[in-house]
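What you see is a predicted model; the values in this text were computed from it and never measured. In what follows, every chain begins at residue 1, and chains take the letters A, B, ... in the order their sequences are listed.
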Number of protein chains: 2
Amino acid sequence: MSRPWALDYDTATCNIAAALAVVGEKWTFLVLREAFNGVRRFDDMRRRTGAPRQVLSARLARLVAEGILRKAPYREEGQRSRSEYRLTDKGIDLFPVLASLLAWGDKYASGPGGPSVALTHRDCGAAVAVQLLCGNGHVLKSARDVTPVPGPGARRIA
Amino acid sequence: MSRPWALDYDTATCNIAAALAVVGEKWTFLVLREAFNGVRRFDDMRRRTGAPRQVLSARLARLVAEGILRKAPYREEGQRSRSEYRLTDKGIDLFPVLASLLAWGDKYASGPGGPSVALTHRDCGAAVAVQLLCGNGHVLKSARDVTPVPGPGARRIA
DNA sequence: AAGGCTAAGTCTGCTTGACAGACTTAGCAA
DNA sequence: TTGCTAAGTCTGTCAAGCAGACTTAGCCTT
């Protein structure tokens with residue numbers, strides 16, 4: 001690797017940045033974690049993430065505005081009707097991000113007892129992992145086997 | 001889904017939070033993106049991420065302290081010797097996180113021309129994608145096919 | 001209909017972190 | 001010894017995060 005080709009291209013078109021602009025904030029990830037765990041209600045999320053109410057409120061509103069969560073009414077026995085937050089398909093598609101973070105955390109930052117959450121295949125019960133898979137069906141052992149190349153939207157720097 | 005089991009367990013043991021505590025900050029992801037693109041030098045990273053010098057400096061130091069990047073000396077013709085930043089294996093293992101973000105960004109937040117970066121398999125050239133794979137070799141179509149269950153490190157709330 | 005109950009917020013004052021831009025450092029070369 | 005450059009640090013300003021108190025809105029009981 002002499003001079004990386006990336007230096008000749010503009011970063012403005014990078015979709016990692018675009019994704020991060022939407023979900024890149026600290027509490028947003030934790031909110032999504034809870035959502036994937038089936039937690040849907042404001043106060044549960046607040047208690048479990050530790051996010052200040054104001055921040056949680058803002059993040060939820062943003063996620064709804066982006067179409068990652070949607071508000072749905074619910075009604076607890078003897079209570080008024082309130083709103084809870086559910087993942088949309090767009091939100092569900094963020095799962096690999098969370099799953100990758102979890103895998104990395106399990107490997108490098110796990111507490112004493114080991115992982116506190118395991119992912120299983122609903123249909124067969126086996127453990128689920130995030131893998132890099134190429135179009136020819138090869139499972140890649142390491143990210144070192146991946147070569148990033150400029151895509152159609154890449155823009156050369158003048 | 002009546003009452004999610006997650007509500008009965010402590011969030012303190014969650015390794016997603018542990019991972020985010022290390023790499024969860026906004027600029028950190030962008031720094032890693034550059035690192036995976038082969039960008040290694042302070043000023044290149046600064047220019048390409050837009051991070052303020054002070055913040056970049058702090059993030060790089062943190063990543064080195066965490067063993068995700070390591071400093072390596074380099075020497076440009078006619079210049080003094082300086083340090084650049086390279087991914088360690090621990091850092092390389094974060095690739096799926098970035099790749100997932102990229103895939104999501106490509107799908108939902110792509111600019112006009114389409115993706116600006118494509119991931120290819122070094123050995124066969126085919127496109128690489130992040131997939132959910134179960135222990136029995138099934139490729140999962142959606143995160144809805146994943147069932148999270150309490151792991152060995154899970155701690156019930158009193 | 002008055003008042004209590006609760007989840008889901010908003011409001012207030014304080015503190016921390018981000019930021020831009022100027023400045024500093026350290027080794028190499030002329 | 002002076003200049004050059006990448007890689008930082010320093011300073012003042014401003015936005016964001018934060019804890020804790022307060023508010024809101026329906027449903028229920030009395």
For nucleotides 14-25 of chain D, give me one character per nucleotide, 5' to 3': B if any protein heavy atom sits under 4.0 Å from the base, S if the only such contacts are to the sugar-phosphate, - if neither. ---SBB-B---B
Closest heavy-atom contact between B:Ile92 and B:Phe36? O-CZ, 3.7 Å
Got a sec, which residues hit ring-ring contact (aromatic ring centres under 6.0 Å, His included) with B:Phe42, two or more places apart in sequence or on another chain?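 Applying ring-ring contact (aromatic ring centres under 6.0 Å, His included) to B:Phe42 gives none.
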What's B:Arg41 touching, base or sugar-phosphate or nothing? Going by heavy atoms closer than 4.0 Å.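 Sugar-phosphate contact only - B:Arg41 comes under 4.0 Å of backbone atoms but never of a base.
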Counting any heavy atom closer than 4.0 Å, what does B:Arg75 reach on the DNA or RNA strands: base, sugar-phosphate only, or nothing? sugar-phosphate
Between [N] atom [atom2] and [X] atom [atom1], what is the distance in whole Å?
{"X": "A:Arg46", "N": "C:dG9", "atom1": "CZ", "atom2": "P", "value": "12 Å"}
{"X": "B:Gln79", "N": "C:dA29", "atom1": "CD", "atom2": "C1'", "value": "9 Å"}
{"X": "B:Asp43", "N": "D:dT5", "atom1": "CG", "atom2": "C1'", "value": "9 Å"}
{"X": "B:Lys71", "N": "C:dA26", "atom1": "NZ", "atom2": "P", "value": "13 Å"}
{"X": "A:Met45", "N": "C:dG9", "atom1": "CE", "atom2": "P", "value": "11 Å"}
{"X": "A:Glu76", "N": "D:dC28", "atom1": "CD", "atom2": "C1'", "value": "15 Å"}
{"X": "B:Leu56", "N": "D:dA7", "atom1": "CG", "atom2": "P", "value": "10 Å"}

Contacts of B:Tyr9 that satisfy side chain to side chain donor-acceptor pair (under 3.5 Å) - sequence neighbours left out: none
Partners of A:Arg47 by side chain to side chain donor-acceptor pair (under 3.5 Å), sequence neighbours excluded? A:Asp44
Name each donor-acceptor pair under 3.5 Å that joins a side chain in residues 22-34 of chain B to protein atoms two or more places apart or in another chain, with its distance.
residue	atom	partner	partner atom	Å
B:Glu25	OE2	B:Arg59	NH2	3.4
B:Glu34	OE1	B:Arg48	NE	2.5
B:Glu34	OE1	B:Arg48	NH2	3.3

With a cut-off of less than 4.0 Å, is there a side-chain N or O of [X] near OP1 or OP2 of [N]?
{"X": "A:Tyr74", "N": "C:dT6", "answer": "no"}
{"X": "B:Ser57", "N": "D:dA7", "answer": "no"}
{"X": "A:Tyr85", "N": "C:dA7", "answer": "no"}

Under 3.5 Å, which donor-acceptor pairs do the side chains of residues 145-158 of chain B form with other protein atoms, sequence neighbours left out?
residue	atom	partner	partner atom	Å
B:Asp145	OD1	A:Arg122	NH2	2.6
B:Arg155	NH2	B:Asp10	OD2	2.6

Report the residue from B:Glu77, B:Arg82, B:Glu76, B:Arg75 that forms a side-chain hydrogen bond (donor to acceptor under 3.5 Å, both in side chains) with B:Gln79.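 When side-chain hydrogen bond (donor to acceptor under 3.5 Å, both in side chains) is applied between B:Gln79 and each of B:Glu77, B:Arg82, B:Glu76, B:Arg75, only B:Arg82 qualifies.
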